[in-house]
Visitor: 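To start, I am sharing the structure in question, which I have written as structure tokens.
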Amino acid sequence: MDGEKSLNFIEEIIEADLAAGKHKNILTRFPPEPNGYLHIGHAKSICLNFGLAKKYGGKTNLRFDDTNPSTEETEYVESIKADVQWLGFNWANELYASNYFDDLYAFAIQLIEKQLAYVDDSTSDEIAEQKGTPTTAGKRNKYAERTVAENLQLFEEMKAGKYADGTKVLRAKIDMAASNMLMRDPIIYRIKHAHHHRTGDKWCIYPMYDFAHGQSDSIENITHSICTLEFIPHRELYNWFIENLNIFPSHQYEFARLNMTYTVMSKRKLLQLVNEKYVLGWDDPRMPTISGMRRRGYTAESIREFCDKIGIARRENLIDIGLLEFCVREHLNKISLRRMVVFDPLKITITNYTQTEEILFSENNPEDETAGNRQIPFSKELYIEKEDFMENPPKKFFRLCPEGMVRLKGAYIIKCEEVVKDANGNIIELKCTYIPESKSGSDTSGIHVKSVLHWVSANHAVPVELCLYDRLLTVENVDAAEGDFKDYINPSSLQTITTAYAEPALKNAVINERYQFLRKGYFCLDINSNEQKMIFNRTVTLKDTWAKVNK
RNA sequence: UGGGUUAUGGUGUAACGGUAGCACUACAGAUUUUGAUUCUGUCUGUCUAGGUUCGAAUCCUAGUAACCCAACCA
């Protein structure tokens with residue numbers, strides 16, 4: 001393959017359609033139901049639909065599939081729009097299935113007139129009963145015999161609010177013996193005396209998904225209607241309506257939805273996590289929601305890159321969350337400002353340091369020359385990370401130890417001369433000397449050390465709070481695990497650190513800027529930060545070879 | 001047990017009858033003032049059994065496994 005990226009199966013279909021002159025331009029759509037927040041699985045669909053349009057010079061509509069007023073809310077509409085935009089996509093039109101309620105009602109009348117739909121008074125249990133099973137055909141009931149006039153009147157009365165919820169439905173008259181259960185006279189309208197977030201109380205009958213989605217595609221002239229695998233059986237019905245209504249022939253294509261290790265990807269389960277307070281909200285940084293990932297520090301670029309890397313196919317998949325982390329590290333490495341923060345401080349006194357303080361410089365980002373330098377104050381008393389010192393180190397440990405030497409990043413080489421302990425034998429301080437000729441950038445000492453540590457000057461240190469996140473679940477594939485998914489929630493998915501000290505440059509931290517805390521990971525300022533307290537979220541750790549060796 | 005869909009390294013994804021490639025992971029090494037980054041290298045794969053063919057991941061036959069469908073949800 002001469003460097004050319006191969007096409008996925010949908011791209012192949014589109015290129016064939018375009019080549020055959022079937023369409024001049026393509027039109028796709030992203031059709032969320034506004035009953036929850038978008039998650040990374042939706043991002044896959046968004047990137048696909050908008051990406052295809054972009055690649056082939058077409059357009060994409062954002063269409064809310066709002067046919068069920070009892071679960072849908074404006075709050076969700078707003079969050080969905082914000083998330084799609086944040087991901088970097090612009091829709092051609094903001095549309096709603098509810099825009100088409102009048103058209104859909106007219107379509108239903110047409111079906112009745114063609115004797116292809118009837119009003120059924122059966123209860124939901126009776127309908128289920130009469131439907132049969134996958135191995136036995138269903139039976140049509142007496143209501144299917146109603147005349148066109150009778151059906152027209154009844155349906156009109158349903159619309160007028162004459163009947164209570166659940167007492168009547170409109171059904172398409174197709175085939176009660178079909179092997180595809182969806183073709184066994186599917187319900188297309190039900191009575192719901194519910195307030196709709198857009199149409200208010202205008203309607204008390206609402207179309208079902210199957211009677212709304214395909215027709216909406218058709219009304220908009222969508223050329224390629226892309227959805228997930230579980231809708232495959234719906235395609236037959238989708239086509240049946242288009243054919244019998246004789247409307248624009250949109251086509252449905254299906255791809256496999258995204259599953260990811262150590263998390264859940266269903267709106268129902270995510271809603272449960274929110275409602276039952278396992279997380280702090282839809283935008284909790286542990287959630288796989290777009291808003292959660294945004295708050296955690298993921299960039300839109302990295303999410304798009306991830307969606308590109310996982311590919312599009314028709315087989316079930318379970319993507320290693322490590323791939324997502326790889327993508328975000330890859331981007332953050334290029335753009336984040338380097339800063340030093342000590343999480344668990346151990347005091348160091350430089351016994352031979354005679355100045356009160358001096359200002360040192362260090363690069364903001366070694367990956368980006370234009371990022372410039374920052375000032376870092378150095379003084380006699382510093383903090384380093386407790387875990388960077390060991391009194392009796394194993395062979396492969398090359399950080400600080402008694403008599404040992406390390407470099408302080410951007411500063412000097414120091415040597416540990418004395419370990420100070422409290423009455424209980426805990427190490428509370430290290431007395432060190434520094435090598436004056438080893439100053440960073442003008443080192444003439446000739447000394448080579450194996451390790452470089454991050455540090456902060458004690459007098460200049462800024463206390464900050466850190467939120468460290470771990471995977472949401474304790475098992476890779478919760479769908480394959482026994483019992484309820486909530487049994488597998490990771491109890492330590494959030495660790496809050498209140499002992500951390502940051503270098504003074506971090507006082508200027510702002511939302512949306514990305515930081516790499518040297519040797520610790522990528523962080524961003526949390527929206528709950530204020531003048532008194534800065535809170536940083538860890539987006540992802542750095543790769544840590546030492547942690548692996550150590551284990 | 002009716003119908004539908006899918007099977008390629010640990011995980012994803014290519015190949016369109018002609019050298020099984022790429023990415024992530026894992027492992028080994030080089031460089032490094034982040035045990036990061038970067039660079040180099042290594043391991044591991046065509047669900048099974050037959051068949052067609054000079055040649056099969058690809059075509060045929062028969063199995064096997066997984067997922068989806070019996071909501072007035074989408």
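A, B, ... follow the sequence lines: proteins, then strands. Residue 1 opens every chain.
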Visitor: Does A:S451 put a side-chain nitrogen or oxygen below 4.0 Å from OP1 or OP2 of B:U33?
Guide: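 It does not, given that no N or O in the side chain of A:S451 lies less than 4.0 Å from OP1 or OP2 of B:U33.
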
Visitor: Give the nucleotide from the list B:G35, B:C67, B:U37 with an atom nearest to the side chain of A:N333.
Guide: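 The answer is B:U37, which lies nearest to the side chain.
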
Visitor: Between A:D165 and A:Y522, which residue's closest nucleotide on RNA chain B lies nearer the 5′ terminus?
Guide: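 Mapping each residue to its closest nucleotide by heavy atoms, the 5'-most match is A:Y522.
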
Visitor: Please report, rounded to the nearest Å, how far the P atom of B:G12 is from the CG atom of A:D308.
Guide: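 My rounded result for the distance is 18 Å.
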
Visitor: Quick one: does any side-chain atom of A:D344 pair with a main-chain N or O of A:K386 as donor and acceptor, under 3.5 Å?
Guide: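 No, A:D344 side chain to A:K386 backbone: no donor-acceptor pair under 3.5 Å.
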
Visitor: How is A:K520 classified with respect to the nucleic acid when contacts are heavy atoms under 4.0 Å: base, sugar-phosphate, or nothing?
Guide: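 Here A:K520 touches no strand at all.
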
Visitor: Describe the nucleic acid contact of A:R184 in one word from base, sugar-phosphate, nothing, applying a heavy-atom distance below 4.0 Å.
Guide: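 No contact at all - A:R184 keeps every heavy atom at 4.0 Å or more from the nucleic acid.
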
Visitor: Is the distance from OP1 or OP2 of B:C73 to the nearest side-chain N or O of A:K267 less than 4.0 Å?
Guide: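 Answer no for this pair, as no side-chain N or O of A:K267 is under 4.0 Å from OP1 or OP2.
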
Visitor: Let's test this: given Watson-Crick or G-U wobble pairing with both distances under 3.5 Å, identify the partner of B:A66.
Guide: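 Pair assignment: B:A66 / B:U5.
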
Visitor: Rounding to a whole Å, what distance do you find between A:F326:CZ and B:C22:P?
Guide: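 The answer, rounded to whole Å, is 15 Å.
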
Visitor: Let's see if you can work this out: which of B:A74, B:G12, B:A14 has an atom nearest to the side-chain heavy atoms of A:S6?
Guide: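 Closest nucleotide to the A:S6 side chain: B:A14.
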
Visitor: With centres under 5.5 Å and planes under 30°, do A:Y209 and B:A74 count as stacked?
Guide: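 No, A:Y209 does not stack on the base of B:A74, since the centre distance and plane angle fail the 5.5 Å and 30° test.
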
Visitor: Would you classify A:G410 as touching base, sugar-phosphate or nothing, given that sugar-phosphate means primed atoms plus P, OP1 and OP2, and contacts are heavy atoms under 4.0 Å?
Guide: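 Result for A:G410 = base.
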
Visitor: If we take the C1' atom in both B:C69 and B:G41, what is their distance in whole Å?
Guide: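 These two C1' atoms come out 49 Å apart once rounded.
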
Visitor: Write down the partner of B:A30 under the Watson-Crick or G-U wobble criteria, each distance required to be under 3.5 Å.
Guide: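 B:U38 - that is the nucleotide pairing with B:A30, both distances being under 3.5 Å.
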
Visitor: Considering just the side-chain nitrogens and oxygens of A:R190, establish if one lies under 4.0 Å of OP1 or OP2 belonging to B:C73.
Guide: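 It does, given that an N or O in the side chain of A:R190 lies less than 4.0 Å from OP1 or OP2 of B:C73.
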
Visitor: Assign each of A:H213 and A:E316 to its nearest nucleotide of RNA chain B by heavy atoms, then name whichever residue's nucleotide is nearer the 5' end.
Guide: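 It is A:E316, whose closest nucleotide lies nearer the 5' terminus.
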
Visitor: Could you label the plane-to-plane angle of the A:Y189 and A:Y105 rings as parallel, tilted or perpendicular, counting under 30° as parallel and over 60° as perpendicular?
Guide: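 If you compare the ring of A:Y189 with that of A:Y105, the planes turn out perpendicular.
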
Visitor: So does A:K131 get a side-chain nitrogen or oxygen closer than 4.0 Å to the phosphate oxygens (OP1/OP2) of B:C69?
Guide: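 False: A:K131 side-chain N/O out of range (4.0 Å or more) of B:C69 OP1/OP2.
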
Visitor: Would you say B:C72 has OP1 or OP2 under 4.0 Å from some side-chain N or O of A:S124?
Guide: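 Yes.
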
Visitor: Heavy-atom count check: over 12 atoms from other residues, nucleotides or ligands less than 6.0 Å from A:E129 CD?
Guide: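 At most 12 heavy atoms, drawn from other residues, nucleotides or ligands, come within 6.0 Å of this atom.
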
Visitor: Between B:U64 and B:A56, how far apart are the two P atoms, rounded to whole Å?
Guide: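 That atom pair is separated by 26 Å.
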
Visitor: Classify the nucleic acid contact of A:S440 as base, sugar-phosphate or nothing, counting any heavy atom under 4.0 Å across all strands shown.
Guide: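 A:S440: base contact, heavy atoms under 4.0 Å.
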
Visitor: Can you confirm whether more than 12 heavy atoms, excluding those of A:K55, are under 6.0 Å from its NZ atom?
Guide: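 Above 12, so yes.
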
Visitor: Taking atom P of B:U25 as reference, at what distance in whole Å does atom CD1 of A:I310 sit?
Guide: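 After rounding, the reported distance stands at 16 Å.
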
Visitor: Identify whether any heavy atom of A:H454 sits under 4.0 Å from a base atom; if not, whether one sits that close to sugar-phosphate; answer base, sugar-phosphate or nothing.
Guide: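 If one applies the 4.0 Å heavy-atom cut-off, A:H454 turns out to touch nothing in the nucleic acid.
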
Visitor: With a 3.5 angstrom cut-off on both distances, give the Watson-Crick or G-U wobble partner of B:A15, or none if there isn't one.
Guide: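 B:A15 is paired with nothing.
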
Visitor: What nucleic acid atoms does A:I312 come within less than 4.0 Å of, heavy atoms only: base, sugar-phosphate, or nothing?
Guide: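 It contacts sugar-phosphate atoms only.
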
Visitor: Using purine N1 to pyrimidine N3 plus N6-O4 or O6-N4 for Watson-Crick, or N1-O2 and O6-N3 for G-U wobble, both under 3.5 Å, which nucleotide pairs with B:G50?
Guide: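 Checking every strand shown, B:G50 finds its partner in B:C60, with both distances under 3.5 Å.
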
Visitor: When you measure from the side-chain N and O atoms of A:R257 to the phosphate of B:U5, is any distance below 4.0 Å, counting only OP1 and OP2?
Guide: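 No.
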
Visitor: For the pair A:R190 and A:D165, find out whether any cationic side-chain nitrogen is under 4.0 Å from an anionic carboxylate oxygen.
Guide: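 Looking at A:D165 together with A:R190, the answer is no, because their closest N to O distance does not fall below 4.0 Å.
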
Visitor: What interatomic distance, in whole Å, is found between C1' of B:A14 and the corresponding atom of B:U53?
Guide: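 Their C1' atoms lie roughly 25 Å apart.
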
Visitor: Take the protein atom CD of A:Q516 and the nucleotide atom P of B:U38, then report the distance between them rounded to whole Å.
Guide: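 It works out to 12 Å between those atoms.
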
Visitor: Find the distance A:R338:CZ to B:U33:P and express it as a whole number of Å.
Guide: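 The answer, rounded to whole Å, is 16 Å.
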
Visitor: Taking the minimum atom-to-atom distance to the side chain of A:I232, which one of B:C73, B:U5, B:G35 wins?
Guide: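 Among B:C73, B:U5, B:G35, the one nearest the side chain of A:I232 is B:U5.
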
Visitor: CH2 of A:W455 versus C1' of B:U33: gap in Å, rounded?
Guide: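 Rounded to the whole Å, the gap is 13 Å.
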
Visitor: Write down the distance between CZ (A:R140) and P (B:A70), rounded to a whole number of angstrom.
Guide: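 Interatomic distance, CZ of A:R140 to P of B:A70: 19 Å.
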
Visitor: Kindly assign one of parallel, tilted or perpendicular to the pair A:W455 and A:F378, based on the angle between their ring planes and the thresholds 30° and 60°.
Guide: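 A:W455 vs A:F378 ring planes: perpendicular.
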
Visitor: Choosing from B:C72, B:G35, B:A14, which nucleotide comes nearest the side chain of A:D544?
Guide: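 Nucleotide nearest to A:D544's side chain: B:G35.
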
Visitor: Categorize A:P31 for me: base, sugar-phosphate, or nothing, with a 4.0 angstrom heavy-atom threshold over every strand shown.
Guide: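 If one applies the 4.0 Å heavy-atom cut-off, A:P31 turns out to touch nothing in the nucleic acid.
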
Visitor: Considering only side-chain heavy atoms of A:R399, which listed nucleotide, B:U33, B:U34, B:G35, is closest?
Guide: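 Looking only at heavy atoms from C-beta outward on A:R399, the closest nucleotide is B:G35.
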
Visitor: Let's see if you can work this out: which of B:A74, B:G2, B:U6 has an atom nearest to the side-chain heavy atoms of A:R315?
Guide: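 Selected nucleotide: B:U6.
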
Visitor: Once you apply a heavy-atom cut-off of 4.0 Å, does A:F398 come out as touching a base, just sugar-phosphate, or nothing?
Guide: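 Touches a base.
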
Visitor: When you compare B:C43 with B:G9, how far apart are their C1' atoms, in angstrom units rounded to a whole number?
Guide: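 Comparing C1' positions in B:C43 and B:G9 gives a spacing of 10 Å.
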
Visitor: Looking at the side chain of A:K309, which of B:C27, B:A23, B:A74 is the nearest nucleotide?
Guide: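 The nucleotide sitting nearest to the side chain is B:A23.
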
Visitor: May I ask you to check whether A:H39 and A:T289 show a side-chain donor-acceptor distance below 3.5 Å?
Guide: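 No.
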
Visitor: Less than 4.0 angstrom from a charged side-chain N to a carboxylate O is my criterion; do A:K131 and A:D185 meet it?
Guide: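 A salt bridge is absent here (no side-chain N lies under 4.0 Å from a carboxylate O).
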
Visitor: Write down the partner of B:C24 under the Watson-Crick or G-U wobble criteria, each distance required to be under 3.5 Å.
Guide: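 Its partner is B:G10 (Watson-Crick or G-U wobble, both distances under 3.5 Å).
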
Visitor: With heavy atoms under 4.0 Å as the rule, sort A:L182 into base, sugar-phosphate or nothing.
Guide: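 No contact.
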
Visitor: Under 4.0 Å, heavy atoms only, any strand: does A:N317 hit a base, just the sugar-phosphate, or nothing?
Guide: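 Since only primed, P, OP1 and OP2 atoms lie under 4.0 Å of A:N317, the category is sugar-phosphate.
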
Visitor: From the set B:A74, B:G35, B:A23, return the single nucleotide nearest to any side-chain atom of A:T67.
Guide: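 Between B:A74, B:G35, B:A23, the one nearest the side chain of A:T67 would be B:A74.
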
Visitor: Across the strands shown, which category fits A:R314 at heavy-atom distances under 4.0 angstrom: base, sugar-phosphate, nothing?
Guide: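 Answer is sugar-phosphate: A:R314 comes under 4.0 Å of backbone atoms only.
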
Visitor: Quick one: A:D320 CG to B:A26 C1', roughly how many Å, whole number?
Guide: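 Checked: the CG to C1' distance equals 11 Å.
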
Visitor: Please measure how far the C1' atom in B:A66 lies from the corresponding atom in B:C72, and state the result in whole Å.
Guide: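 Here B:A66 and B:C72 have their C1' atoms 32 Å from each other.
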
Visitor: Between A:E156 and A:K162, is there a side-chain N and carboxylate O pair less than 4.0 Å apart?
Guide: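 No, this pair does not count.
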
Visitor: Select base, sugar-phosphate, or nothing to describe what A:K192 touches, counting heavy atoms under 4.0 Å on all strands.
Guide: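 Sugar-phosphate, backbone atoms only, no base.
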
Visitor: Over all strands shown, is A:Y206 touching base, sugar-phosphate only, or nothing at heavy-atom distances under 4.0 angstrom?
Guide: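 Answer is nothing: A:Y206 stays at 4.0 Å or more from every strand.
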
Visitor: A:Y501 vs A:Y383 aromatic rings, parallel, tilted or perpendicular, using cut-offs 30° and 60°?
Guide: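 A:Y501 vs A:Y383 ring planes: parallel.
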
Visitor: NA contact type, A:T261, heavy-atom cut-off 4.0 Å: base, sugar-phosphate, or nothing?
Guide: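 Nothing, no nucleic acid heavy atom in range.
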
Visitor: Taking the minimum atom-to-atom distance to the side chain of A:A313, which one of B:C16, B:A14, B:C73 wins?
Guide: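 Closest of the options to the side chain of A:A313: B:A14.
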
Visitor: When you measure from the side chain of A:R519, which nucleotide among B:C73, B:G12, B:G35 comes out closest?
Guide: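 Among the listed nucleotides, the one closest to the side chain of A:R519 is B:G35.
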
